[in-house]
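Worksheet: one structure, shown below.
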Protein chains: 2
Amino acid sequence: MSAPAKTSDRKICEAVRNLLEGGGERSLSMQKIASAVGIQAPSLYKRFAGKSHLLSAAARGALVEMAELLGNPAGAGKTYESLERMGHLYRKFAKKNPRTYALIFSEAMVAREDLLRARQAAAEPMLALLRPAVGKDAALNAARMLVSYLHGFLSMELARTFRFGGNVNEAFQYGLTKTLDALLEEKAQHG
Amino acid sequence: MSAPAKTSDRKICEAVRNLLEGGGERSLSMQKIASAVGIQAPSLYKRFAGKSHLLSAAARGALVEMAELLGNPAGAGKTYESLERMGHLYRKFAKKNPRTYALIFSEAMVAREDLLRARQAAAEPMLALLRPAVGKDAALNAARMLVSYLHGFLSMELARTFRFGGNVNEAFQYGLTKTLDALLEEKAQHG
DNA sequence: ACCTGAACACCGTTCAAGT
DNA sequence: ACCTGAACACCGTTCAAGT
């Protein structure tokens, strides 16, 4: 007789996110994940081939959330304002899910081919805004510049690298404005 | 009778760098570090309070190298060209020491107060160029923008996040040029 | 079908003991 | 003073066995 499942992949991914945000990577042992969903560690291997597959599933969920957040066309308007809003949403997501954000960009997760699609989907809203604004050829370079700024700023902010004084919110806005100005220089002015 | 030391802190730091660049974090166990310098793992605790102290010593060495590289005034000239050269040197260092670079920016290392000074010293050459160019008040914001771009780009490049085609060298130059243009807009023009 | 206890080869770290 | 063997409490993972 088939025993009923005690848990689900979805619950396991939720547990991963909660443990991660709650206590960092050292709270994220297979034992602790298993006990959070009421099973034993070896049972996790019936569902995921290994820890990195399990983390990948959690990371994919987060990338989907991010794609939805950034792709949400609430208040569609000028390119500049849309990109600015997107920058702030990006930061909001990262600050709300700091360890998950770090997981997404961790070397182990970036190496996982099964996350490529989700990554591409999360990058698409930005590319879609940039393509008509800077041209199809420059859009990839432009997106890489903007996301480099955003990711660099956020990973340093989340790791608490900004400690020499100054206002961090203001610094983010300063860099975002200048980055967008540079990208869209000859296009519609803002403000 | 005092037994002669079998190794030195300096050799241990070298071993850390070599193991790190050679095989990533999973080659970096206390046992492997110890055996690389010809001692047993417990002996490392006579020299360093724990693994993170040991890594911190290695990270400090790398930060000093970086400060020297970026602070080297070879070819002092216009601010724009100097910052551009600095950007390329920054990338060169990161690409030559990818795992060490990642270590420097790892959460564990950023949290270490004993690295603050070395971090500040590595950031100083950029601030020194920006202060007269954008004014003392804006220099911190400007440095944060530039280093966010550089760190974001490099951490994504090193993690192999840039996989959707395009020329990565060209993308770096594109973003660097636009970032510097934005920072120094009303100042001396370049080329 | 689903879950587990016991085991394996590792970790970082401690400490009493050797020289 | 300097180094080590043995031990401790953990890891991720495997696998035969239970229901």
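The chains referred to below are lettered A, B, ... by the order of the sequence lines, with proteins before strands, and numbering in each begins at 1.
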Taking pairs as Watson-Crick (N1-N3 plus N6-O4 or O6-N4) or G-U wobble (N1-O2 and O6-N3), each distance under 3.5 Å, the stems of three or more consecutive pairs with DNA chain D are C:4-8 with D:12-16, C:12-16 with D:4-8

Under 4.0 Å between a side-chain N or O of B:Ser43 and OP1 or OP2 of D:dC2?
no

Can you measure from NZ (A:Lys96) to CD (A:Glu65) and round to the nearest 0.5 angstrom?
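A:Lys96 NZ to A:Glu65 CD: 8.5 Å, rounded to 0.5 Å.
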
Compare every heavy atom of A:Leu184 with every heavy atom of A:Ala133, then report the nearest pair and how far apart it is.
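Looks like CB-CD2, 3.8 Å.
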
Going by the rule ring pair (Phe, Tyr, Trp, His ring centres under 6.0 Å), which residues pair with B:Tyr90 if we only count those two or more places apart in sequence or in a different chain?
B:Tyr101

In this structure, how many angstroms lie between the P atom of D:dC15 and the NZ atom of A:Lys46, rounded?
10 Å

Between A:Lys6 (NZ) and D:dT19 (C1'), how many Å, whole number?
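So the two atoms are 11 Å apart, to the nearest Å.
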
Letter per nucleotide, 5' to 3', of nucleotides 5-14 of chain C [B base touched, S only sugar-phosphate touched, - untouched; heavy atoms, 4.0 Å]:
BB----SSBB

List the residues meeting side chain to side chain contact (heavy atoms under 4.5 Å, CB included) with A:Thr161, not counting sequence neighbours, and say none if there are none.
A:Met156, A:Ala159, B:Val110

Once side-chain hydrogen bond (donor to acceptor under 3.5 Å, both in side chains) is applied, do any residues pair with B:Gln173, and if so which ones, sequence neighbours excluded?
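Once residues adjacent in sequence are excluded, the partners of B:Gln173 under the side-chain hydrogen bond (donor to acceptor under 3.5 Å, both in side chains) criterion are B:Glu84, B:His88, B:Thr177.
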
So, B:Asn72 versus B:Arg85: side-chain donor-acceptor pair below 3.5 Å or not?
no

Whether A:Glu107 and B:Arg99 form a salt bridge (side-chain N of Lys/Arg under 4.0 Å from carboxylate O of Asp/Glu) is what I want to check.
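Judged by the 4.0 Å cut-off on N to carboxylate O distance, B:Arg99 and A:Glu107 do form a salt bridge.
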
Only pairs at least two apart or in different chains count here, so list each side chain to side chain donor-acceptor pair (under 3.5 Å) that has a residue in residues 29-50 of chain B.
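Applying side chain to side chain donor-acceptor pair (under 3.5 Å) to every pair that reaches into residues 29-50 of chain B, excluding sequence neighbours, yields B:Asp9-B:Arg47.
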
